[in-house]
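We count ligands from 1, going down the list as the structure has it; atoms in each ligand are counted the same way.
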Amino acid sequence: MVLYLISLLPILVATILLYQRWWRSNIPPGPKPKFLIGNLHQMKPLWTHSFSEWSETYGPIISVWIGSQLTVVVSSSDLAKQVLRDKDNQLSNRHRIARMTQTGTDLVWSDYSPHYVKLRKLCTLELFSLKSIENFRSLREMEARSMVVSILKDLMSNSADGQARKPLVVRKYLAAVVLNTISRLMIGKEFGSEEGKEFKSIVEKEHLLSGSGTLLDHVWWLKWVSSWFISDKEFLAHKDRRTKWFRGAIMVEEDVAIEDHKGFVRKLLVLKEQKELSEETVGGLVWNMLTAGADTTAVVIEWAMAEMIKCPTVQEKAQQELDSVVGSERLMSESDIPKLPYLQCVVKEALRLHPSTPLMLPHKASETVWVGGYKVPKGATVYVNVQAIGRDPANWRDPYEFRPERFLQEETDVKGRDFRVLPFGSGRRMCPAAQLSMNLMTLVMGNLLHCFSWSSPIPRERIDMSENPGLLCNMRTPLQALALPRAAARVIPLPSD
Ligand code: HEM
């Protein structure tokens, strides 16, 4: 028997080798991988930069081996169309990168499945429909006003006459306005300061837990090493902490939550039985919205503000438009947006040049498909390099210039229909909150520009425009700016305290 099995061994090995050969044949070209580590040793901290450089050599569809994982990256609008529209049936699963996302019972990290479709429908109907967006309009306007008040307060405490003396860290106000808006949307209230602090600390820890294992998580034969650094016990403790925060900040006691909270969570709790949603799923959805929504939106506004400080003519043009449409007797509201075409172009231009997630989120092939004449085998990870597409000279003249005017000349959709600019992705996994975040970004940016003139405390050309590595494309150095109140800011009575 043993001899029989041993004699079968070469056949087995040969079959595996042939299968591997077949699996790797016709895959897109790319840099030569090394045994076991793939191309990891050649990757720059900013993966998008490595991908763009390799695309120049090998073409707009490349294979990169991240450890043992085949990753296909596309960097042209034609190929993005194939991935996100023509073949999205087979390319809509998620490659789950971090240990925190492994169960995939939430919306962001779930594979495309009946469970996913149920969650997506629920979110679209209850949270992101035009009717829901309109229902929550006054809430966003209240938060934008609070942001202006908070900037004025800080200016007052910086100097006796409320004029710009000390630079402000712009990110602080953006993070607050966006998180407060989304938490009100989700749980019907802003987080208390302790809840907010705990939330931020949990998110930071989560980045650490998922980020510190990045390399190790990609190399299967090294995965066990990552448990030296981050034990399963530590992961479980973190999960418990998240659940505890979730229960304390959001669920309180279920009955109280159902009675008092007017946000999405209340609806989820009401629908929990009917839709067969586990507590893990409800928690996952809330977590998805808070984490997928807050930073992504704030990041784009911070880049836009940096670009406008570097390019004061754009800032002045937007301010002139705001003054002539809104005047200086009231703050800008969302109903002004259709009459502010230039401001809308500023938002689009920021999304083109600085999409918050330059590689979107990783997709995964549920079957073997052909893209651009190459094979994308089942199980391969697929990234669409939307940053490279938004900066592609084949699509855009002077792509690195921040020039909102380019969008005045032709009506361009940035919500998934025009494949030259895909900040929210496209197709079935596209960001469900694209319209909501467009409204929020335009409102916040409009109020910042209407109420203040922004300048740099250092020479403009020295503003650090480099990017932080990671899934989310933050400014590496948080933007610091001087804010000078404009006439519109007088609408708000200056705080006495
Ligand atoms: C400027 C703001 C935003 C940008 C640029 C953005 C961009 C994206 C992108 C590129 C994806 C992945 C698409 C794909 O993998 O094909 C995504 C997914 C997602 N976004 Fe956004 N997003 C923004 C704001 C928001 C907000 C405000 C929320 C929620 C309140 C949100 C919730 C989500 C969710 C739940 C997903 C997962 C969808 C799925 O997997 O089906 N996003 N977003």
Side-chain angles (χ1 to χ4, degrees), residues 74 80 83-85 87-88 91-97 101 104-113 115-124 126-128 132-133 136 139-140 143 174 177-187 263-265 281 284-304 347-348 350-364 381-387 389-390 414-416 419 421-445 471-474:
V74 302
V83 168
L84 300 174
R85 192 186 68 185
K87 305 282 167 70
D88 81 332
L91 295 174
S92 286
N93 277 356
R94 276 272 182 248
H95 171 67
R96 293 194 272 279
I97 29 184
T101 65
T105 52
D106 56 355
L107 182 72
V108 174
W109 297 106
S110 166
D111 279 336
Y112 195 83
S113 62
H115 173 73
Y116 168 83
V117 174
K118 177 173 77 178
L119 297 187
R120 177 94 190 192
K121 251 193 203 151
L122 196 68
C123 295
T124 308
E126 302 289 347
L127 206 53
F128 302 123
S132 308
I133 294 177
F136 287 112
L139 180 155
R140 292 189 291 279
E143 289 298 338
L174 302 179
V177 68
V178 178
L179 187 62
N180 287 342
T181 307
I182 296 175
S183 65
R184 272 175 175 260
L185 199 67
M186 297 307 294
I187 61 174
F264 182 51
V265 172
T281 295
L285 276 180
V286 177
W287 197 256
N288 281 169
M289 302 306 162
L290 292 169
T291 48
D295 286 348
T296 44
T297 311
V299 156
V300 177
I301 311 176
E302 190 185 28
W303 281 112
V347 176
K348 287 183 180 179
L351 285 164
R352 176 191 71 80
L353 201 49
H354 303 289
S356 356
T357 47
L359 294 168
M360 302 195 331
L361 295 177
H363 287 222
K364 189 166 125 184
T381 305
V382 179
Y383 280 115
V384 178
N385 192 343
V386 290
Q387 188 186 71
I389 293 171
V414 294
K415 288 178 290 173
F419 287 85
V421 52
L422 292 162
F424 299 104
S426 181
R428 55 183 79 189
R429 290 310 292 239
M430 186 187 145
C431 178
Q435 187 57 56
L436 169 76
S437 38
M438 286 296 284
N439 287 19
L440 185 58
M441 281 185 291
T442 318
L443 179 73
V444 170
M445 243 185 252
L471 212 58
L472 189 81
C473 186
N474 249 320

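- Between Gly416 and Met430 the shortest heavy-atom distance is CA-SD, 4.2 Å.
- Considering all non-hydrogen atoms of both residues, Leu174 and Ala298 come closest at CD1-O, 3.7 Å.
- Atoms of ligand 1 found under 4.0 Å from any heavy atom of Arg94, numbered from 1 in the order shown, are 14 (C), 15 (O), 39 (C), 40 (O).
- Heavy-atom contacts of Thr297 reach the following atoms of ligand 1: 1 (C), 2 (C), 24 (C), 27 (C) (cutoff under 4.0 Å).
- The distance from atom CZ of Phe424 to atom CG of Leu422, rounded to the nearest 0.5 Å, is 11.0 Å.
- If you check which protein heavy atom lies closest to atom 16 (O) of ligand 1, you get His363 NE2, 2.8 Å.
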Between Met438 and Val347, does a side chain to side chain contact (heavy atoms under 4.5 Å, CB included) hold up when you go through it step by step?
CA-CA 8 Å; Met438 286 296 284; Val347 176; 4.2 Å; yes
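- Contact between Cys123 and Leu285 at its shortest, heavy atoms only, is SG-CD2, 3.9 Å.
- Taking the side chain to side chain donor-acceptor pair (under 3.5 Å) definition, one finds that Asn180 meets it with nothing, sequence neighbours left out.
- Put simply, the side chain of Arg140 reaches to within 4.5 Å of the side chain of Leu436, judged on heavy atoms.
- Across all their heavy atoms, Tyr383 and Leu359 have their closest contact at CD2-O, 3.5 Å.
- The closest protein non-hydrogen atom to atom 37 (C) of ligand 1 is Val108 CG2, 3.7 Å.
- Under the side chain to side chain contact (heavy atoms under 4.5 Å, CB included) criterion, Thr124 pairs with Arg120, not counting sequence neighbours.
- Counting only heavy atoms of the protein, atom 30 (C) of ligand 1 lies nearest to Met289 O, 3.9 Å.
- Within ligand 1, the atoms closer than 4.0 Å to a non-hydrogen atom of Arg120 are 38 (C), 39 (C), 41 (O), numbered from 1 in the order shown.
- Residue Leu107 has at least one heavy-atom neighbour below 4.0 Å for each of these atoms of ligand 1: 35 (C), 40 (O).
- For Trp109, the closest heavy-atom approach to ligand 1 does not fall below 4.0 Å.
- Closest heavy-atom contact between Asp106 and Trp109: OD1-N, 3.2 Å.
- Distances between N or O atoms of Arg429 and those of ligand 1 include at least one value under 3.5 Å.
- With sequence neighbours excluded, the residues that form a ring pair (Phe, Tyr, Trp, His ring centres under 6.0 Å) with Trp287 are Phe199, Trp245.
- Distances from atom 21 (Fe) of ligand 1 under 2.8 Å pick out these protein N/O/S atoms: Cys431 SG.
- The residue from Trp287, Tyr112, Tyr116 that puts a heavy atom closest to atom 41 (O) of ligand 1 is Tyr116.
- Every atom of ligand 1 is numbered from 1 in the order shown, and the set under 4.0 Å from a heavy atom of Met441 is 1 (C).
- Here is the list of ligand 1 atoms found below 4.0 Å of a heavy atom in Pro423: 5 (C), 7 (C), 10 (C).
- Minimum heavy-atom separation, Met289 to Ile182: O-CG2, 3.8 Å.
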